[in-house]
There are 2 protein chains.
Amino acid sequence: MNGKNNPEWHRNFRQRGLRITEPRKAILEVLNNTTEHLSAEEIYTEVHKTYPNIGLTTVYRNLELLEEMGIIAKFHFGDGRSRYELIQSPQKPGHHHHLICTGCKQIIDYDDFVDEEIELLNKVEQALSAAHNFQITGHTIQFYGICNSCRGNL
Amino acid sequence: MNGKNNPEWHRNFRQRGLRITEPRKAILEVLNNTTEHLSAEEIYTEVHKTYPNIGLTTVYRNLELLEEMGIIAKFHFGDGRSRYELIQSPQKPGHHHHLICTGCKQIIDYDDFVDEEIELLNKVEQALSAAHNFQITGHTIQFYGICNSCRGNL
DNA sequence: ACCTTAATGAAAATGATTTTCATTAACAAT
DNA sequence: ATTGTTAATGAAAATCATTTTCATTAAGGT
Ligand SMILES: [Mn+2]
Ligand SMILES: [Mn+2]
Ligand SMILES: [Zn+2]
Ligand SMILES: [Zn+2]
């Protein structure tokens with residue numbers, strides 16, 4: 001349920017000498033309760049409903065912080081704004097990739113065949129490291145296409 | 001060598017009733033002669049050397065057009081600006097993926113896919129088509145990490 | 001309750017991209 | 001070659017996301 005009191009975040013903040021503030025709890029709460037990939041402004045709007053005095057600047061600042069901390073992930077889906085999601089949440093598969101409909105812009109979290117996929121990815125990363133003398137730290141994998149209903153609309 | 005007179009582009013333009021203008025030839029020429037992933041402004045700067053009267057606005061407009069036409073590809077590598085490359089060029093492998101150094105920001109094109117990477121793509125695309133009733137049209141795959149020389153600088 | 005200083009909020013600044021609009025030039029028709 | 005139509009251009013202004021600045025507030029250790 002509500003994630004803002006998740007002791008793991010608390011510990012994580014404390015360890016870095018960071019303070020646990022109302023805006024931070026509010027932002028994490030919003031991200032914890034959605035299945036979508038929200039933009040900074042969308043998060044701000046949501047937070048604003050409960051905490052009308054929290055500013056957009058603070059949302060941006062904390063999204064940056066949370067990303068550095070490895071708590072959230074930032075994506076660029078091509079609509080001109082960054083979008084964020086909690087890396088671990090009850091609402092989401094853990095490791096997943098994205099399927100984006102170029103028609104309606106919906107983003108689908110995809111995690112079928114995860115285990116096999118992760119194993120293949122590891123091998124690919126190893127091969128790349130070796131071939132290009134590159135130490136891989138992360139990846140972005142997105143598939144584009146047309147969803148069922150958009151195909152109907154053609 | 002010089003690509004601005006490539007008859008295929010000419011045909012492509014004509015078919016759509018588009019005019020073959022100086023700016024368009026200049027932009028294609030720049031993209032055809034680089035191995036890099038240039039931003040709109042970088043392309044503008046390069047074009048400007050030979051055609052000082054071509055404006056940045058026109059560069060943006062034509063990059064958008066060329067992308068729609070499937071002649072160039074637009075990427076987001078996380079530095080806040082879009083970057084473009086010719087889809088087909090003598091300087092580049094055709095379809096390829098990217099390796100991005102988070103240290104020096106260099107982008108490496110690679111198309112020496114290991115079997116696992118091909119397998120991964122095939123499986124995922126099949127699974128996605130089936131499970132999500134999605135017609136896949138493309139994908140973007142980028143690996144982030146630290147290149148050899150950046151690792152030395154630590 | 002008090003202090004130190006990290007964190008915040010409002011406003012201004014920045015930077016990339018888009019829009020507006022008057023002018024120019026591609027190119028098809030003459 | 002000249003003309004006419006209209007797509008394309010360039011300059012300036014507008015927009016939109018994100019960042020910076022700076023004075024004020026409040027977390028949390030004492
Ligand atoms: Mn996701
Ligand atoms: Mn490339
Ligand atoms: Zn769709
Ligand atoms: Zn590097």
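Everything quoted here is computed from the prediction, not taken from an experiment. Values below: all heavy atoms of this structure, side chains included; hydrogens, waters and symmetry mates excluded. Letters go in sequence order (proteins before strands), and every chain restarts at 1.
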task: Give a yes-or-no answer on whether the side chains of A:Asp109 and A:His98 include a donor-acceptor pair shorter than 3.5 Å.
output: yes
query: Between C:dA7, C:dT17, D:dT18, which one does the side chain of A:Leu18 approach most closely?
result: C:dA7
query: Taking CD1 from A:Ile54 and C1' from C:dA10, how many angstroms apart are they, rounded to a whole number?
result: 15 Å
query: Once you round it to whole Å, what is the distance between P of C:dA16 and CZ of B:Arg83?
result: 10 Å
field: D:dT9 phosphate, OP1 or OP2, under 4.0 Å from B:Asn62 side-chain N/O
entry: yes
message: Quick check on C:dT17: is either OP1 or OP2 less than 4.0 Å from any side-chain nitrogen or oxygen of B:Ser82?
response: yes
field: Protein-nucleotide distance (B:Asp79, atom CG; C:dG15, atom C1'), rounded to Å
entry: 12 Å
message: Ignoring hydrogens and geometry beyond distance, is the side chain of A:Arg14 in donor-acceptor contact with the base of D:dG28 at under 3.5 Å?
response: no
message: Measuring to OP1 and OP2 of D:dA8, would you say a side-chain N or O of B:Arg24 lies under 4.0 angstrom away?
response: yes
message: Rounded to whole Å, how long is the line connecting atom NE2 of A:His48 with atom C1' of C:dG9?
response: 12 Å
- request: Look at the side-chain N and O atoms of B:Arg19 and state whether any lies under 4.0 Å from the OP1 or OP2 oxygen of C:dC27.
  value: no
- prompt: Does D:dA12 have OP1 or OP2 sitting under 4.0 Å from an N or O in the side chain of B:Thr57?
  reply: no
statement: B:Tyr51 atom OH is separated from D:dA11 atom C1', nearest whole Å, by 21 Å
- request: Determine whether the side chains of B:Glu85 and B:His37 contain a donor N or O and an acceptor N or O closer than 3.5 Å.
  value: yes
- prompt: Given that B:Pro52 and A:Glu64 both sit by DNA chain D, which one's nearest nucleotide is further toward the 5' end?
  reply: B:Pro52
Whichever of B:Tyr84 and B:Arg61 has its nearest DNA chain C nucleotide further upstream toward 5': B:Tyr84
query: For B:Lys74 and C:dT18, what is the distance between atoms NZ and P respectively, to the nearest whole Å?
result: 6 Å
query: Minimum heavy-atom separation for B:Cys101 to B:Cys147, with atom names?
result: SG-N, 3.3 Å
statement: Whole-Å distance, B:Glu22 CD to C:dT23 P, equals 23 Å
task: May I ask you to evaluate whether A:Tyr60 reaches the phosphate of D:dT18, defined as a side-chain N or O under 4.0 Å from OP1 or OP2?
output: yes
- request: State whether the side chain of B:His96 and the backbone N or O of B:Gly94 hold a donor-acceptor pair below 3.5 Å, judged by distance alone.
  value: yes
- prompt: Should B:Thr58 be listed as having a side-chain N or O under 4.0 Å from OP1 or OP2 of D:dG10?
  reply: yes
task: For the residue pair B:Glu29 and B:Tyr51, confirm or rule out a side-chain donor-acceptor distance under 3.5 Å.
output: no
- prompt: To the nearest angstrom, how far is B:Leu56 atom CG from C:dG15 atom C1'?
  reply: 12 Å
- prompt: Does A:Thr21 place a side-chain N or O at less than 4.0 Å from the phosphate oxygens OP1/OP2 of C:dT8?
  reply: yes
